[in-house]
Colleague: 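Can you keep this structure in mind? I'll have questions shortly.
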Amino acid sequence: SSGDGGSQVTCGVPMYRDKATGAPYIMPLYTEPTRPAKAAGTGTTGTTSTMVFSSPQAEAEAARAQMVEAASSARIRSDALDLLRGFLDAAPPPTAPNTPSGF
């Protein structure tokens with residue numbers, strides 16, 4: 001939960017649990033990068049991004065790394081959904097609740 005009362009879900013790999021609280025510590029799979037905001041009325045991007053590259057090659061490498069990270073994250077999420085679907089499909093059908101006689 002953030003300080004402004006909002007909350008956030010992070011997809012990741014559980015690394016360990018805090019012994020005192022039981023809170024899981026995870027390694028995030030993918031975090032969408034922040035994008036520069038458009039400057040009002042100009043149609044161009046503003047300079048709100050904090051990412052600075054030393055060269056165009058470094059920027060291109062960072063973009064490639066982001067694409068690989070996003071593709072890996074999507075593959076892992078898809079595999080997780082397939083695994084979950086397999087468990088749910090193999091589950092026994094729900095039974096009707098037992099109602100006491102006379103009702």
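Below, all heavy atoms of this structure are taken into account, side chains as well, without hydrogens, waters or symmetry copies. Along the sequence shown, residues carry numbers from 1.
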Colleague: Which residues pass the salt bridge (Lys or Arg N to Asp or Glu O under 4.0 Å) test with Glu61, sequence neighbours left out?
Modeller: Arg64
Colleague: What distance separates Leu84 CG from Asp79 CG, expressed to the nearest 0.5 Å?
Modeller: 12.5 Å
Colleague: Can you give me the closest heavy-atom contact between Arg17 and Pro24, atom names plus distance?
Modeller: NH1-CD, 3.4 Å
Colleague: Check for me, please, whether Met67 and Ile76 land in the same ILVMFWY cluster - side-chain distances under 4.5 Å, paths through other members count.
Modeller: no
Colleague: Side chain of Ser78, backbone of Ala74: donor and acceptor closer than 3.5 Å?
Modeller: no
